[in-house]
Structure formats: C-alpha cells, structure tokens
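Shown next, in structure tokens, is the structure this report addresses.
We name chains A, B, ... by the order of the sequence lines, and we start the count at 1 in each one. Computed from heavy atoms alone, side chains included, the values below leave out hydrogens, waters and symmetry copies.
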2 protein chains.
Amino acid sequence: MMQLDDLDRAILRLLKKDARLTISEIAEELGRPESTIHFRIKKLIERGVIDHYTILLGPELRPKKTALVILQVETPIIEDFLERYVNHIMRTLSMLPNVLFVAKSGKDTVIALLGDETEEKLNAFIEENIKTLPTLKSVNVYPLDDVKKGEELVGFLVEV
Amino acid sequence: MMQLDDLDRAILRLLKKDARLTISEIAEELGRPESTIHFRIKKLIERGVIDHYTILLGPELRPKKTALVILQVETPIIEDFLERYVNHIMRTLSMLPNVLFVAKSGKDTVIALLGDETEEKLNAFIEENIKTLPTLKSVNVYPLDDVKKGEELVGFLVEV
DNA sequence: TATGAAAGACATCATGT
DNA sequence: ACATGATGTCTTTCATA
C-alpha cells in the first residue's frame, strides 16, 4: 500500500471537484500525457484509493431541515441487555429514510442525523419515531441551523 | 421545477452506486433506449438534481478515528458578542483539515465532526485545538465507535 | 512506471416517427 | 418519448523505452 505522490493527489482533487472530467482534460490541466493519467487513475481504483464514482444530489432533493439527535439508552439491570437495546435502536433507525446517519458512541449512546422537508415535519418525526423508542434515558436534539463546512454531506447521504 | 418520475429515480440510484456506468449500460439495465437515458441525465444535470459527479475516497485515506464534538459557548455580558464568538469558532475550526464538518445549532452551540489517524492523535487534537478555544462553557466529545448507516460519509468529506 | 500512437467504444446531436 | 445514424471525442490497449 504505497504512498500517493503529488500527481496522484492532484488527480484526486480534480476528480473530487468534477468526476466527469475526461482523461484528456485532466492530462492537459496537469501537463501530462493522457496515457499517464489513465494509468494513474487505473491504479488508484485498483488500490481502492478511489472507492467509487458517485453523484452528489442537489438542493431539490435534500431535506431542508436537519438535526442531530443524541440518544442515551437506559442501563438495564442485566448488563448484557444494553448492547442489544442499543443495536436494536440503531437497526430501527437505520431503516427509516429520514435517518441519514446512525452511529454508536460508547456503550449506551446513539447518534443520528435526521432530515426532513420542514421544521414541523422534523419535529413530528422526532416526537413520533425517536422519543417513543423504549428504554431511553435522554434525548438531545440539535437542529443544524447554519452549516459552515461539509454542507454537501446531506446531498451525499440522502436517498432517492 | 417539475417532479421526478420512476425513470429519473432509477437513473439516479444507479449513478449513485456507480457514476461511471455508461449510458448504454444504464439503458440496458433499465430496458430503455440510450437516447432517452441521455436526455434524462442531461435534464437532471440542467435542473441541478444532480449537483455534480464526484469520487468517494477509500479507507486508505479516511481517518481511522472520528468523533463528534458539541461545544457550548459562554454567553457574554453583551449579548451581541455571542454571535461573533460562535462565528469565530466556526471559522477557526473550518480551516483545520482534521475538522470534517462544522455547524451551528441554536445561538450558542457548535457541532463539529473530527477525524484523525489514531485515538491518541484525535484526543490530542481535541485537547490542543478544541478545549483551548476561549469562552467555552462546555465541550462534549462523542467518539463514533460503530457506524451503522452513512459510514461512507467520511470518505466523502475527507480532504486530499 | 511513463509515454506515444492507433483502434475501438462512447457521447452527443440532428432528424424524423 | 423513442429510433437511427453521423460525427467527433474519449478511453483503452499495446508496444517501447
């Protein structure tokens, strides 16, 4: 798993901005022959440095309101149950299209990123689908009001 | 800004999985003529439904450890300063390559997603670059231990 | 690994149903 | 919305260094 050199990184940066650039365009931009660019990209894909090519969906399809939710699960008397509780909650959340991201933090905390059309719908969703989950100790909701970095993330995660 | 029909959505789903599919491959997969697929994709791009084409970076380039950090900013005596404090913190964080995502929640809370090579480096980064920020009321760190949905997000956000 | 050249595949566009 | 064909461009491969 050798390192990336400057040419590799330059190619990756260009493709990240626009993966539809043709090999000839990249070649011209970087002042290298097409065959070299072709070879490098082939290697980057083989090595898994490029996982895959994808599209980013635009604002039209992105939820207008997003919120981060942090769930703390009640510790049961029988300790072994905790992991099952948490996994069950994560599985349940993962299946909902409004839920863009789900992760566990520590043993008893679940973090989810939610998105919906409007603030009202989002709040309703939280009331009906999140706060009704059994065995919760606490639910903290953080609406994302102003995203400064990584905003496009939602266009990447949203399902179509 | 008309609606998407089933064909549009099918195309988007295929491109999301692999944006290097040729028009002929998509046409065959969906049992439609190439000219139709070509036309639809053109329209999807024109409308901005497809924001742009991009690549997802593989595990080699992704930070191994990620954590969500929730910062609460101390409310100053002069209320107007709060927004400046918060904006300043967001700007500062945004410039760091370890910081993958930054958003504001409410008036006094900043949410950031951090990533680094190892747990130690990540913790050091938090101690040195986060907890040292002025005017913080609280800092909560949630290491993301097990991501159930949206894991690829990091490969999308990471810089190269 | 890098390059140049050549062959084949592809997107694109125009025209017509 | 679909079919077809003409055009120029791009990718891919291979031989060579």
Side-chain angles (χ1 to χ4, degrees), chain A residues 1-62 97 152 155-156 158-160, chain B residues 1-63 97 117 152 155-156 158-160:
Chain A
M1 200 176 279
M2 59 218 110
Q3 276 253 98
L4 300 179
D5 65 11
D6 288 348
L7 180 56
D8 289 322
R9 269 188 291 272
I11 293 172
L12 292 175
R13 258 180 267 116
L14 288 175
L15 288 178
K16 211 154 182 300
K17 264 199 303 209
D18 179 7
R20 282 205 340 167
L21 286 172
T22 64
I23 289 181
S24 8
E25 285 168 326
I26 298 172
E28 187 175 12
E29 173 83 26
L30 300 180
R32 299 299 191 93
E34 299 180 9
S35 47
T36 300
I37 304 298
H38 179 258
F39 179 77
R40 292 300 190 109
I41 292 179
K42 203 176 129 199
K43 287 295 173 196
L44 288 171
I45 293 173
E46 279 174 12
R47 282 203 273 159
V49 175
I50 295 176
D51 190 291
H52 67 274
Y53 287 66
T54 187
I55 53 173
L56 183 68
L57 299 179
E60 185 176 338
L61 291 188
R62 298 182 196 172
E152 294 176 318
F156 174 74
V158 68
E159 293 166 23
V160 49
Chain B
M1 200 177 279
M2 61 217 111
Q3 277 251 101
L4 301 178
D5 66 9
D6 289 347
L7 180 56
D8 289 322
R9 270 187 291 272
I11 293 171
L12 291 174
R13 258 180 265 119
L14 288 176
L15 288 178
K16 214 155 181 298
K17 263 199 303 215
D18 178 8
R20 279 195 356 155
L21 286 172
T22 64
I23 288 181
S24 7
E25 286 169 324
I26 298 172
E28 186 175 12
E29 173 82 24
L30 299 180
R32 298 301 189 94
E34 299 181 10
S35 50
T36 301
I37 304 298
H38 180 256
F39 179 76
R40 293 298 189 109
I41 292 179
K42 203 177 130 198
K43 285 297 172 194
L44 289 170
I45 294 173
E46 279 175 13
R47 282 203 273 160
V49 175
I50 296 176
D51 189 293
H52 67 274
Y53 287 65
T54 186
I55 54 174
L56 184 67
L57 299 179
E60 185 176 338
L61 291 188
R62 298 182 197 172
E117 301 279 299
E152 294 176 317
F156 174 74
V158 68
E159 293 165 24
V160 50

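Atom-to-atom, NZ of B/K43 to P of C/dC13 comes out at 12 Å; the value is rounded to the nearest Å. In this structure, B/E46 atom CD and C/dC13 atom C1' are separated by 14 Å, rounded to whole Å. In this structure, CD of B/E28 is placed 17 Å from C1' of C/dA11, rounded to the nearest angstrom. Between A/R32 atom CZ and C/dT1 atom P the separation is 14 Å, expressed in whole Å. Taking atom CD1 of A/I11 as the reference point, atom C1' of C/dA2 lies 12 Å away to the nearest angstrom.
With sequence neighbours excluded, the residues that form a side-chain contact (heavy atoms from CB on, under 4.5 Å) with A/S35 are A/P33. Partners of A/R9 under the salt bridge (charged side-chain N to carboxylate O under 4.0 Å, His left out) rule, at least two apart in sequence or in another chain, are A/D6. Shown here are the salt bridge (charged side-chain N to carboxylate O under 4.0 Å, His left out) partners of A/E159, two or more places apart in sequence or in another chain: B/K149. Qualifying salt bridge (charged side-chain N to carboxylate O under 4.0 Å, His left out) partners for B/D51, counting only residues two or more places apart in sequence or in other chains: A/R62. Take A/R32 and apply the side-chain contact (heavy atoms from CB on, under 4.5 Å) test, not counting sequence neighbours, and it matches A/L7, A/T36, A/I37.
No contact: B/F39 has no heavy atom under 4.0 Å from any strand.
B/T54 contributes a side-chain N or O that, together with a main-chain N or O of A/K16, makes up a donor-acceptor pair within less than 3.5 Å.
The phosphate of C/dT1 (OP1 or OP2) has no side-chain N or O of A/R40 nearer than 4.0 angstrom.
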Seminar exercise, completed: Protein heavy-atom contacts under 4.0 Å, written 5' to 3' over nucleotides 9-17 of chain D as B (base), S (sugar-phosphate only) or - (none), form the string -SBBB----
